[in-house]
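What follows is a short report on a single structure.
What's counted below: heavy atoms across the whole structure, side chains too, no hydrogens, waters or symmetry copies.
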Amino acid sequence: MHEYTSTARVWGLTCPGFPEEVSRARRWTRDILRGSPLADDAELIVSELSANAILHTASGRAYGSFHLAVAVSAQVVAVSVTDDGGTGTAPKAEHQDQDAEHGRGLGMVSAIAHRVVVHDSDQGHTVTAELYADALRGGHPC
């Protein structure tokens with residue numbers, strides 16, 4: 001992490017809505033969080049949220065895109081993916097059978113992150129997952 005930074009630092013990346021861009025978003029996140037104990041979890045979250053944007057929203061259509069933001073402070077790493085919308089409902093975690101091949105991504109993100117917030121607007125949806133530096137999974141302080 002950026003131990004000498006007293007305020008949050010924020011990076012942003014806009015990707016075309018192609019499936020191969022998910023791996024680019026993952027690598028970009030890993031590069032930003034190099035050396036952080038939260039890097040692996042953040043990378044997995046970015047992968048799931050980016051894939052969901054491409055598969056389930058207008059981000060995956062012709063000329064679609066998704067935007068990724070990573071905010072880092074001494075206390076928290078927050079990753080946000082904003083899609084192009086085009087669906088009638090906001091993303092939500094669904095409880096699927098453990099053998100299901102689809103529909104488990106946001107539930108998995110919710111299990112990994114300490115907090116997940118979904119914000120929807122006329123332009124699209126933003127899913128933000130927060131990972132706390134001084135907490136165990138489930139939001140309990142160390």
Side-chain angles (χ1 to χ4, degrees), residues 1-3 5 7-142:
M1 290 254 230
H2 306 279
E3 61 188 308
T5 304
T7 59
R9 296 190 66 184
V10 180
W11 291 263
L13 176 70
T14 299
C15 298
F18 303 128
E20 57 269 21
E21 292 297 314
V22 174
S23 62
R24 182 175 132 196
R26 218 177 25 243
R27 282 190 313 272
W28 182 79
T29 302
R30 185 177 52 239
D31 287 346
I32 289 170
L33 297 174
R34 188 175 315 275
S36 168
L38 301 174
D40 289 341
D41 286 345
E43 183 180 349
L44 178 60
I45 289 168
V46 163
S47 182
E48 288 298 324
L49 296 180
S50 299
N52 284 350
I54 292 169
L55 290 172
H56 302 296
T57 74
S59 293
R61 296 182 191 149
Y63 305 104
S65 64
F66 64 94
H67 183 75
L68 171 62
V70 176
V72 179
S73 74
Q75 298 82 21
V76 67
V77 169
V79 294
S80 299
V81 173
T82 302
D83 63 42
D84 284 345
T87 61
T89 60
K92 65 181 178 201
E94 296 181 9
H95 301 286
Q96 296 287 342
D97 182 328
Q98 70 183 38
D99 295 328
E101 292 185 23
H102 301 286
R104 299 184 326 163
L106 198 51
M108 184 169 46
V109 168
S110 295
I112 294 169
H114 298 102
R115 181 172 179 234
V116 177
V117 178
V118 177
H119 175 75
D120 57 327
S121 70
D122 293 337
Q123 292 78 37
H125 311 97
T126 300
V127 180
T128 301
E130 298 175 354
L131 298 165
Y132 302 146
D134 294 329
L136 297 170
R137 285 195 175 129
H140 304 291
C142 293

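- Note that the CD atom of Glu48 and the CG atom of Leu106 stand 9.0 Å from one another [nearest 0.5 Å].
- Here Met108 contributes atom CE and Ile45 contributes atom CD1; the two are 9.5 Å apart, rounded to the nearest 0.5 Å.
- Closest non-hydrogen pair, Val10 versus Ala71, comes out as CG2-CB, 3.9 Å.
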(message) Go through it in stages, so that I can follow the logic: the residues are Asp83 and His125, the test is side-chain hydrogen bond (donor to acceptor under 3.5 Å, both in side chains), and I'd like the CA-CA distance, side-chain angles, deciding distance and then a yes or no.
(response) CA-CA 5 Å; Asp83 63 42; His125 311 97; 3.2 Å; yes
(request) Kindly determine whether Val127 and Val117 satisfy side chain to side chain contact (heavy atoms under 4.5 Å, CB included), including the steps that lead there. (result) CA-CA 6 Å; Val127 180; Val117 178; over 6 Å; no
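- Glu21 contributes atom CD, which lies 11.5 Å from atom CZ of Arg26 (distance to the nearest 0.5 angstrom).
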(request) Would you sort out whether Asp31 and Arg34 count as a side chain to side chain contact (heavy atoms under 4.5 Å, CB included), showing the intermediate values? (result) CA-CA 5 Å; Asp31 287 346; Arg34 188 175 315 275; 2.6 Å; yes
(request) Output, in order, the C-alpha distance, side-chain angles, deciding distance and verdict of side-chain hydrogen bond (donor to acceptor under 3.5 Å, both in side chains) for Thr126 and His119. (result) CA-CA 5 Å; Thr126 300; His119 175 75; over 6 Å; no
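- For the atom pair Ile112 CD1 and Leu44 CG, the distance stands at 4.0 Å (nearest 0.5 Å).
- What you find for Ile54 and Phe18 is that their closest heavy atoms are CD1-O, 3.3 Å.
- In this structure, the separation between CG on Asn52 and CZ on Phe66 is 11.0 Å, given to the nearest 0.5 Å.
- Annotation: the span from Thr29 atom OG1 to Asp40 atom CG amounts to 12.0 Å, rounded to 0.5 Å.
- Across all non-hydrogen atoms, the minimal contact from Ala53 to Val81 is CB-CG1, 4.2 Å.
- Here the shortest heavy-atom pairing between His114 and Leu131 reads ND1-CA, 3.4 Å.
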(request) Test Leu68 against Trp28 for side chain to side chain contact (heavy atoms under 4.5 Å, CB included), laying out the working first. (result) CA-CA 10 Å; Leu68 171 62; Trp28 182 79; 3.4 Å; yes
(request) Evaluate the side chain to side chain contact (heavy atoms under 4.5 Å, CB included) criterion for residues Leu33 and Leu38: first the C-alpha distance (whole Å), next the side-chain angles of each, then the deciding distance (0.1 Å), finally the verdict. (result) CA-CA 8 Å; Leu33 297 174; Leu38 301 174; 5.6 Å; no
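- Partners of Ser65 according to the side-chain hydrogen bond (donor to acceptor under 3.5 Å, both in side chains) rule, which considers only residues two or more places apart in sequence or in another chain, do not exist here.
- In terms of modelled atom types and a separation under 3.5 Å, the side chain of Ser50 and the main chain of Ser47 share no donor-acceptor contact.
- In plain terms, the two heavy atoms of Gly86 and Arg61 that are nearest each other are O-NH2, 3.7 Å.
- In this structure, the side chain of Thr14 does not engage the main chain of His67 through any donor-acceptor pair within 3.5 Å.
- Nearest heavy atom pair, residue Ile32 against residue Val70, reads CG2-CG1, 4.2 Å.
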